[in-house]
Amino acid sequence: MNQTFNIHRFTLMLRFDWAEKGKNYLLMACVLVFCLLILMMPVALSDEYSNFREVLHYFALIMILLLGGSLYTSTAFSQYSASDTGIAALMLPASAIEKFLSSLLINLLFVVSFLVFFWQFHYFIIDLANKSLPPNGDKYRYIPEDFMLYSTYSYFGIQSAVFLGSIYFRKSSYIKTAAAFIGFAFITTLVNLTFATSLASNPSKIVAFPLTGWKLWYYSKDNVSTPEYVAGFYHMTFPPAMFTALQVFAVFTALMLWTCAYFQMKEREI
């Protein structure tokens with residue numbers, strides 16, 4: 001078995017993976033893009049503002065982009081896990097790094113394109129919809145920047161986790177990876193929320209996700225007035241240096257999960 005990287009073999013491996021998965025990836029892309037269009041286009045089909053149509057963009061972001069995008073990745077190593085193709089795929093005369101990079105690059109080609117399409121179409125359709133609304137009426141708003149950044153981090157975090165799970169689990173990899181990821185995300189969010197609530201002296205309402213700032217609301221309770229310096233809304237964000245460090249940490253986490261997937265593939269070949 002070859003253990004060195006060769007650009008010619010790598011090119012052949014890319015062509016082989018494309019022949020094996022390209023058609024399914026394109027069909028899946030058509031289905032997901034169609035679902036996005038169904039949810040995102042209604043804002044431009046009426047000359048009246050509708051909060052429900054605006055919320056559909058958030059629904060498309062969470063249900064179609066975050067979850068649908070991971071469907072690509074769940075099949076990244078399907079040929080190495082299936083009982084009928086596993087041995088033949090592992091015995092291909094290519095090194096582990098060539099097989100790994102081939103699966104990763106083809107997967108990222110679709111995953112990144114899908115993400116870019118969503119955001120570009122979101123801004124385009126919101127601008128188009130606002131042009132047909134009355135000048136003095138309510139306007140559709142873009143998805144907030146902080147939510148956009150957080151969803152982008154989550155998107156690649158899910159991708160890297162499912163990428164590892166597709167080679168780590170031999171059966172029902174998507175379900176097992178989803179269960180592990182949801183469990184980890186739930187615990188992390190609960191710990192972060194508990195910490196934020198205690199540190200902020202139990203605000204009336206709080207929105208706090210891991211790796212993001214805190215949004216705090218303080219209201220009067222039981223007809224007892226709250227001091228002016230406390231009452232109201234506060235948005236606590238990270239300083240620039242801390243925010244950069246969190247971005248680096250998110251990228252580092254994705255790289256580590258991809259690296260774990262590579263070593264898991266090497267173990268399969270032994």
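In this structure, the ring-ring contact (aromatic ring centres under 6.0 Å, His included) partners of Tyr58, at least two apart in sequence or on a different chain, are Phe147. Qualifying side-chain contact (heavy atoms from CB on, under 4.5 Å) partners for Phe249, counting only residues two or more places apart in sequence or in other chains: Leu211, Thr253. With sequence neighbours left out, the ring-ring contact (aromatic ring centres under 6.0 Å, His included) criterion links Tyr155 to no other residue. For Ser151, the side chain to side chain donor-acceptor pair (under 3.5 Å) test picks out no residue, with sequence neighbours left out. For Phe184, there are no ring-ring contact (aromatic ring centres under 6.0 Å, His included) partners at least two apart in sequence or on another chain. The side chain to side chain donor-acceptor pair (under 3.5 Å) check on Ser154 picks up nothing, with sequence neighbours excluded. Remark: Leu36 pairs with Met40, Ala60, Ile64, Phe114, Phe117, Phe118 by the side-chain contact (heavy atoms from CB on, under 4.5 Å) rule, at least two apart or across chains. Qualifying ring-ring contact (aromatic ring centres under 6.0 Å, His included) partners for Phe59, counting only residues two or more places apart in sequence or in other chains: none.
Thr189 OG1 to Leu193 CG: the interatomic distance, rounded to the nearest 0.5 Å, is 8.0 Å. Between Ile158 atom CD1 and Ile182 atom CD1 the span is 8.5 Å, to the nearest 0.5 Å.
The nearest pair of heavy atoms linking Thr73 to Gln159 is CG2-O, 3.2 Å. Residues Ala196 and Ile206 approach most closely at CB-CD1, 3.5 Å, considering heavy atoms. Nearest approach of Leu65 to Leu115, heavy atoms of both residues: CD2-CD1, 3.7 Å. Annotation for Ala161 and Leu257: closest pair N-CD1, 3.8 Å, computed over non-hydrogen atoms. Across every non-hydrogen atom of Ala261 and Phe100, the tightest pair is CB-CE1, 4.0 Å.
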* Yes or no on side-chain contact (heavy atoms from CB on, under 4.5 Å) for Phe156 and Val112, after CA distance, side-chain angles and deciding distance? -> CA-CA 9 Å; Phe156 284 106; Val112 173; 4.0 Å; yes
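For the pair His122 (side chain) and His57 (backbone), a donor-acceptor distance under 3.5 Å is absent. Ser46 places no side-chain N or O within donor-acceptor distance of the main-chain N or O of Pro42, the cut-off being under 3.5 Å. Between the Thr188 side chain and the Ala185 main chain, no donor and acceptor come within less than 3.5 Å of each other.
Counting heavy atoms from C-beta outward, Leu105 and Leu109 have side chains that stay 4.5 Å or more apart.
Apart from Phe34 itself, the hydrophobic cluster it occupies contains Ile38, where clustering links Ile, Leu, Val, Met, Phe, Trp and Tyr at side-chain heavy-atom distances under 4.5 Å.
Among residues at least two apart or in separate chains, salt bridge (Lys or Arg N to Asp or Glu O under 4.0 Å) pairs with a member in residues 31-56 are Glu54-Arg141. Applying the side-chain hydrogen bond (donor to acceptor under 3.5 Å, both in side chains) definition to pairs two or more places apart or across chains, none involves residues 109-120.
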Atom pairs and distances, side-chain donor-acceptor, residues 125-136, under 3.5 Å, sequence neighbours left out:
unit_1: Asp127; atom_1: OD1; unit_2: Tyr142; atom_2: OH; d: 2.3
unit_1: Asp127; atom_1: OD2; unit_2: Tyr142; atom_2: OH; d: 3.1
unit_1: Asn130; atom_1: OD1; unit_2: Tyr140; atom_2: N; d: 2.8
unit_1: Asn130; atom_1: ND2; unit_2: Ile126; atom_2: O; d: 3.3
unit_1: Asn130; atom_1: ND2; unit_2: Tyr140; atom_2: O; d: 3.1
unit_1: Ser132; atom_1: OG; unit_2: Ala129; atom_2: O; d: 2.9

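A distance of 6.0 Å or more separates the ring centres of Phe163 and Tyr262.
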